[in-house]
There are 2 protein chains.
Amino acid sequence: MSQKHRSARPVDRHSRAPVFAALGDDTRLALVAKLCGRRPYSISQLTRGSKLTRQAITKHLRVLESAGIVHSARAGRESRFEFDPQPIAGIKEYLDFVSEQWDQALSRLKSFVEN
Amino acid sequence: MSQKHRSARPVDRHSRAPVFAALGDDTRLALVAKLCGRRPYSISQLTRGSKLTRQAITKHLRVLESAGIVHSARAGRESRFEFDPQPIAGIKEYLDFVSEQWDQALSRLKSFVEN
DNA sequence: TTAATATGCAACCTAGAGGTTGCATAAAAT
DNA sequence: ATTTTATGCAACCTCTAGGTTGCATATTAA
């Protein structure tokens, strides 16, 4: 809650594995691709066009929800799932950190070789 | 092999799940964090400081290697693992695509509400 | 030549992922 | 009042991820 700005360093690196894990499945990547493009989808809508069972899709959605990548809200007899960009923004920060570290390592190596 | 430049669209979206999956584990995230900061590490070096067995660490390294995130090369009696930034650059592209889709969805919604 | 290191490989174990079927129930449509 | 439609929940199944122990073997160091 403190130090709001420039939280780019992976202080909460430990909490990112679940987000990566949630994206580590083709079915879920497809769901994310759908959900990030349009407004809320119901489970049935997300199931249409998939070879999987509604229950299987539901399980995948729960995984994404646990990682915070999507949120659900009941509306009448259907429950709508909506994309949330925050967790993905979070892991992007982490990946940037990794890339940066790597670049610095290369720089150090280069200047070492040159001297 | 064709269309080299601007391959930012997730044409090979299907092949990215393994990379995400490889990063979906705290132990492996820690290994990546180590490996991206310095040059090659041997398995024993990577094992020191971990509560896990050398064999367990080895398995994790093989997972990372299968995803292309690290490469290994035998050097005498030890095998050195080195970071490779490409797969991570690839999933960053994918995440950018997702974020962009979401922003566009928001824009469409906004202009729809305003009209 | 011996002892110490660094790995590889295989067998084994447990918990959880990913799917399915079946049944119950709330809401919406006829 | 009935019949669809959309979900939730639970039981069950198979396969694999993540770990461990034990043993064999190639390299180095003493």
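Chain identifiers are assigned alphabetically (A, B, ...) following the order of the sequence lines, protein sequences preceding nucleic acid strands; residue numbering begins at 1 within each chain. Only heavy atoms go into these numbers, but all of them, side chains included; no hydrogens, no water, no symmetry mates.
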For D:dG8, take OP1 and OP2 only and decide whether either is under 4.0 Å from a side-chain N or O of A:R62.
-> yes

What about A:R77: does its side chain form a donor-acceptor pair under 3.5 Å with the base of D:dT7?
-> no

Looking only at side-chain N and O atoms, does A:R48 come under 4.0 Å of OP1 or OP2 in D:dA6?
-> yes

Ion pair check, A:K92 and B:D96, cut-off under 4.0 Å = yes

Any N or O donor-acceptor pair linking the side chain of B:Q55 to the base of D:dG22 at under 3.5 Å?
-> yes

Of the listed D:dG8, C:dT20, D:dG18, the closest approach to the A:A56 side chain comes from C:dT20

Do the side chain of B:R54 and the base of D:dG19 come within less than 3.5 angstrom through a donor-acceptor pair of N or O atoms?
-> no

So does B:S44 get a side-chain nitrogen or oxygen closer than 4.0 Å to the phosphate oxygens (OP1/OP2) of C:dT7?
-> yes

Thinking salt bridges, do A:R80 and A:E78 make one under a 4.0 Å N-O criterion?
-> yes

Given that A:A75 and A:G24 both sit by DNA chain C, which one's nearest nucleotide is further toward the 5' end?
-> A:G24

Between B:T58 and A:T53, whichever has its closest DNA chain C nucleotide further toward 5' is B:T58

Check for a donor-acceptor pair, side chain of B:T53 on one end and backbone N or O of B:A56 on the other, with a separation under 3.5 Å.
-> no

So does B:R16 pair up with B:E93, basic N to acidic O under 4.0 Å?
-> yes

Looking only at side-chain N and O atoms, does A:R28 come under 4.0 Å of OP1 or OP2 in C:dG18?
-> yes

